[in-house]
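Step one of this worksheet: look at the structure below.
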Amino acid sequence: MNRRSIARRAQAGFTLIELMIVVAIIGILAAIAIPQYQTYVAKSQVGRVVSETGAQKTAVEDCVLNGKVTAGATDADCKGTATGSNLLTGGNTVNGAAPTTGGAPVLAFTGTTGVATLTSSFGNSAAAALSGKKVRWSRDADGTWTCATDVDAKYAPNSCPVGTIS
């Protein structure tokens, strides 16, 4: 062989089988990575909603300490301090007014002893696996807060286990 034929062989590039192997490997990696990424996104969204809803506990405690044990928009009611979230739907009040963008936690009191619930419903920009699911923080008469959610167990954080939400 002379130098020209050796140089032509070195410049030949990849064979078709080599390219097919690379495409197959990329396809296999994508088939594994995409579902894992979707799970990760859903878990992070649940964690975010647990935190956003839990942040309202302070406002509810302030209301209970000041004798405001009804949710509403008047000065005699507990208005909450939530801002609209793009992961939620519904919500009764955001600083005493209906949410303008997204949704907000729904605040509800039971009786006059300070028993309350903060319930957030997934929707809008939430992952499809979370649509219609809820996160609920519940306050008992002693002031103890507990969290429960009805999302799939693989998405629920340890701080808010899967429970029954009606």
Would you say [X]'s side chain and [Y]'s backbone share a donor-acceptor pair under 3.5 angstrom?
{"X": "Ser44", "Y": "Val41", "value": "yes"}
{"X": "Trp137", "Y": "Ser120", "value": "no"}
{"X": "Asp150", "Y": "Lys134", "value": "yes"}
{"X": "Asn124", "Y": "Leu88", "value": "yes"}
{"X": "Thr39", "Y": "Pro35", "value": "yes"}
{"X": "Thr117", "Y": "Thr119", "value": "no"}
{"X": "Lys68", "Y": "Asp75", "value": "yes"}
{"X": "Gln56", "Y": "Thr53", "value": "no"}

What closest approach, in Å, do [X] and [Y] show between heavy atoms, and which atom pair accounts for it?
{"X": "Ile165", "Y": "Ala148", "answer": "CD1-O, 3.4 Å"}
{"X": "Ser159", "Y": "Val50", "answer": "OG-CG1, 4.3 Å"}
{"X": "Thr81", "Y": "Ala59", "answer": "OG1-CB, 3.9 Å"}

Do [X] and [Y] have side chains that get closer than 4.5 Å, going by heavy atoms?
{"X": "Cys78", "Y": "Phe109", "value": "yes"}
{"X": "Leu118", "Y": "Arg136", "value": "no"}
{"X": "Lys133", "Y": "Val46", "value": "no"}
{"X": "Thr89", "Y": "Phe122", "value": "no"}
{"X": "Val162", "Y": "Tyr155", "value": "no"}
{"X": "Gln45", "Y": "Leu130", "value": "yes"}
{"X": "Thr74", "Y": "Asp77", "value": "yes"}

Distance check, rounded to the nearest 0.5 Å: Arg139 atom CZ versus Thr113 atom OG1?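 The distance works out to 8.0 Å.
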Which pairs pass disulfide bond (SG atoms under 2.5 Å apart) with one or both residues in residues 135-166, sequence neighbours excluded?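 For residues 135-166: Cys147-Cys160.
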Residues that Gln36 engages under side chain to side chain donor-acceptor pair (under 3.5 Å), provided they are two or more places apart: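 Applying side chain to side chain donor-acceptor pair (under 3.5 Å) to Gln36 gives none.
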All side chain to side chain donor-acceptor pair (under 3.5 Å) counterparts of Ser121, not counting sequence neighbours: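 Per chain and number, Ser121 pairs via side chain to side chain donor-acceptor pair (under 3.5 Å) with no residue.
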Indicate, with yes or no, if [Y] and [X] share a hydrophobic cluster defined by side-chain heavy-atom contacts under 4.5 Å among Ile, Leu, Val, Met, Phe, Trp and Tyr.
{"X": "Ile25", "Y": "Ile17", "answer": "yes"}
{"X": "Trp145", "Y": "Val49", "answer": "yes"}
{"X": "Ile21", "Y": "Leu29", "answer": "yes"}

Give the other cluster members for Val115, using side-chain heavy-atom distances under 4.5 Å between Ile, Leu, Val, Met, Phe, Trp and Tyr residues; answer none if it is isolated.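 Members besides Val115: none; it forms no cluster.
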For Asp142, what residues pass the salt bridge (Lys or Arg N to Asp or Glu O under 4.0 Å) criterion, not counting sequence neighbours?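 Residues passing salt bridge (Lys or Arg N to Asp or Glu O under 4.0 Å) with Asp142: none at all.
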Pairs satisfying salt bridge (Lys or Arg N to Asp or Glu O under 4.0 Å), at least one member in residues 42-56, at least two apart: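 Passing the test, one end in residues 42-56: Arg48-Glu52.
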Are there over 12 heavy-atom neighbours, none belonging to Asn66, within less than 6.0 Å of that residue's CG?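 More than 12 heavy atoms, drawn from other residues, nucleotides or ligands, come within 6.0 Å of this atom.
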